[in-house]
Number of protein chains: 2
Amino acid sequence: MELTATSNARSICRETSHTDCQKVIMPVRDALDVISGKWKLPIIIAVSSGHKRFRDIERSIPRITSKVLSKELKDLETHKLVKRTVYDSQPVSVEYTLTPYADTLNSVIDALHRWGLQHRKKILGR
Amino acid sequence: MELTATSNARSICRETSHTDCQKVIMPVRDALDVISGKWKLPIIIAVSSGHKRFRDIERSIPRITSKVLSKELKDLETHKLVKRTVYDSQPVSVEYTLTPYADTLNSVIDALHRWGLQHRKKILGR
DNA sequence: CGGAATCCAATACGATACTG
DNA sequence: CAGTATCGTATTGGATTCCG
């Protein structure tokens, strides 16, 4: 295992070279690219909540446009977080579902959620 | 405690109302706003590594410009992650240091780091 | 229904120069 | 040294319309 439970990115960076430091930043930026942006999380949560059809997802997320939804769903599919299934019915219908892999994001979302909660209190005052 | 060790943002969203779901998304976006972007992490790591002076930080981060560094340092100061100290020497010098509060980001950065590492392997293949 | 096409606004980021 | 000013580019998100 490359990282023990007690190690962390910053302590690594304090102790090692600049190029190793880059090796820490890169995975973090990879992860951020997948979940940051205005719509990724709302979409993940909408699909997770049982909204499977394109219009269904669209209606469940206030102020999103079809263009943005279309693009973000493609991104999420590329990252194997969302599965797109086309059914040959009349008319054809498309279903979006989360992959099992999407569950691996839970630890990340939890960490962000917890930190964000206390940070809001800290910055805005109690 | 509002969140137990076994709960997480997505399971909450599956089980509760839309407005409660928003309450989960907001803190996550708060957290993301603080650390996302191209330069936040490199700057945090540079300061954490002992680079305290403006030019020092600037030189330690390839391709960053003074304009961007200036703006990002202000943001980080606003979020109480970085402390700016002006010394009345001749000429005046300015020192940037991480606050103790910045250490609370470790859990977030760790989660992102771990997930990012395995995700890169998953997407690019071994 | 499930999008794609087009056009537009806002923001992030970059290059270069300059100041106290 | 520690920034600011100005300008330009690039990416992102939004509004609207259209299509099979």
Side-chain angles (χ1 to χ4, degrees), chain A residues 22 25-26 28-47 50-79 82-98, chain B residues 22 25-26 28-47 50-79 82-98:
Chain A
Q22 287 302 111
I25 292 176
M26 281 177 49
V28 175
R29 286 193 46 81
D30 287 344
L32 286 174
D33 286 345
V34 173
I35 57 171
S36 64
K38 190 171 178 179
W39 300 111
K40 300 270 167 57
L41 237 45
I43 292 170
I44 288 175
I45 290 175
V47 176
H51 299 283
K52 297 176 188 299
R53 309 288 295 274
F54 189 91
R55 296 296 287 196
D56 190 15
I57 299 167
E58 192 178 2
R59 275 192 305 265
S60 76
I61 302 174
R63 284 175 303 282
I64 199 171
T65 65
S66 61
K67 173 192 171 183
V68 171
L69 179 57
S70 172
K71 190 250 187 190
E72 300 291 87
L73 281 171
K74 278 176 191 163
D75 287 353
L76 293 172
E77 205 189 342
T78 299
H79 287 290
V82 160
K83 182 169 182 293
R84 182 180 185 267
T85 312
V86 182
Y87 292 100
D88 284 350
S89 50
Q90 354 277 355
V92 291
S93 73
V94 179
E95 256 191 32
Y96 293 92
T97 51
L98 289 195
Chain B
Q22 287 303 109
I25 294 176
M26 282 178 48
V28 176
R29 286 191 47 80
D30 287 344
L32 285 174
D33 286 345
V34 173
I35 57 170
S36 64
K38 190 171 178 179
W39 300 110
K40 300 271 167 56
L41 239 44
I43 292 170
I44 288 175
I45 291 175
V47 176
H51 299 284
K52 297 176 188 301
R53 310 289 295 273
F54 189 92
R55 295 296 288 196
D56 190 14
I57 300 168
E58 192 178 0
R59 274 192 306 265
S60 77
I61 302 174
R63 283 174 303 284
I64 199 170
T65 65
S66 58
K67 173 193 172 182
V68 170
L69 179 57
S70 172
K71 190 252 187 190
E72 300 289 89
L73 281 171
K74 278 176 190 164
D75 287 353
L76 293 171
E77 205 189 342
T78 299
H79 288 289
V82 159
K83 183 170 182 290
R84 182 180 185 268
T85 311
V86 181
Y87 292 100
D88 283 353
S89 51
Q90 352 278 355
V92 290
S93 73
V94 179
E95 255 190 34
Y96 293 93
T97 51
L98 289 196

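Here the structure is a predicted model, which is why all the values come from computation and not from measurement. We name chains A, B, ... by the order of the sequence lines, and we start the count at 1 in each one.
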### Task
Pick base, sugar-phosphate or nothing for B:R63, based on heavy-atom distances below 4.0 Å to the nucleic acid.
nothing
### Query
Does the distance from a Lys or Arg side-chain N to an Asp or Glu carboxylate O, for B:E77 and B:K74, drop under 4.0 Å?
no
### Message
The side chain of A:R84 is closest to which nucleotide in this list: C:dG3, C:dC13, C:dA4?
### Response
C:dG3
### Task
Check the distance between D:dT12's P and B:L32's CG and give it to me in whole angstrom.
15 Å
### Query
Within this structure, what is the NZ-to-P distance between A:K71 and D:dT11, rounded to whole angstrom?
11 Å
### A:D88 CG to C:dG2 C1', straight-line distance once rounded to whole Å
15 Å
#### Entry: Check against side-chain contact (heavy atoms from CB on, under 4.5 Å), A:F54 and A:V94
CA-CA 7 Å; A:F54 189 91; A:V94 179; 5.9 Å; no
### From D:dG13, C:dG2, D:dA2, nucleotide with atom closest to B:V94 side chain
D:dA2
### Task
Look at the side chain of A:S66 and the base of C:dA4, then say whether one donor and one acceptor between them are separated by less than 3.5 Å.
yes
### Query
Touch check for B:Y96, heavy atoms < 4.0 angstrom, all strands: base, sugar-phosphate only, or nothing?
sugar-phosphate
### Message
In this structure, how many angstroms lie between the P atom of C:dC13 and the CD atom of B:E58, rounded?
### Response
16 Å
### Task
Looking at every strand, decide which applies to A:K38 at a 4.0 Å heavy-atom threshold: base, sugar-phosphate, or nothing.
sugar-phosphate
### Message
If we ignore hydrogens and angles and just use 3.5 Å, is the side chain of A:R29 paired with the main-chain N or O of B:S36 as donor and acceptor?
### Response
no
### Task
Report yes or no: is there a donor-acceptor pair, N or O only, under 3.5 Å between the side chain of B:S70 and the base of D:dT4?
no
## Note on the structure
Against the side chain of B:T65, the closest entry in C:dG14, D:dG14, C:dC1 is C:dG14
### Message
Ignoring hydrogens and geometry beyond distance, is the side chain of B:K67 in donor-acceptor contact with the base of D:dG3 at under 3.5 Å?
### Response
no
### Task
Begin with the C-alpha distance, continue with both residues' side-chain angles, and end with the deciding distance and a verdict on side-chain contact (heavy atoms from CB on, under 4.5 Å) for B:I35 and A:V28.
CA-CA 10 Å; B:I35 57 170; A:V28 175; over 6 Å; no
### Task
Measure the distance from CD1 on A:I64 to C1' on D:dT12 and round it to the nearest whole Å.
13 Å
### Query
B:L73 has an atom CG; how far is it from atom P of D:dT4, in whole Å?
10 Å
### Task
Give the rounded distance in Å between these two atoms: CD of B:E95 and C1' of D:dA2.
14 Å
### Task
Grab the CD1-P distance between B:I61 and C:dC13 for me, whole Å please.
13 Å
### Query
Considering only side-chain heavy atoms of B:V68, which listed nucleotide, C:dC13, C:dG3, D:dA2, is closest?
C:dC13
### Message
If you compare all heavy atoms of B:E72 against all heavy atoms of B:I43, which two are closest, and at what distance to 0.1 Å?
### Response
CB-CD1, 3.4 Å
### Query
Does the side chain of B:R55 get closer than 4.0 angstrom to OP1 or OP2 of D:dC1 through an N or O atom?
yes
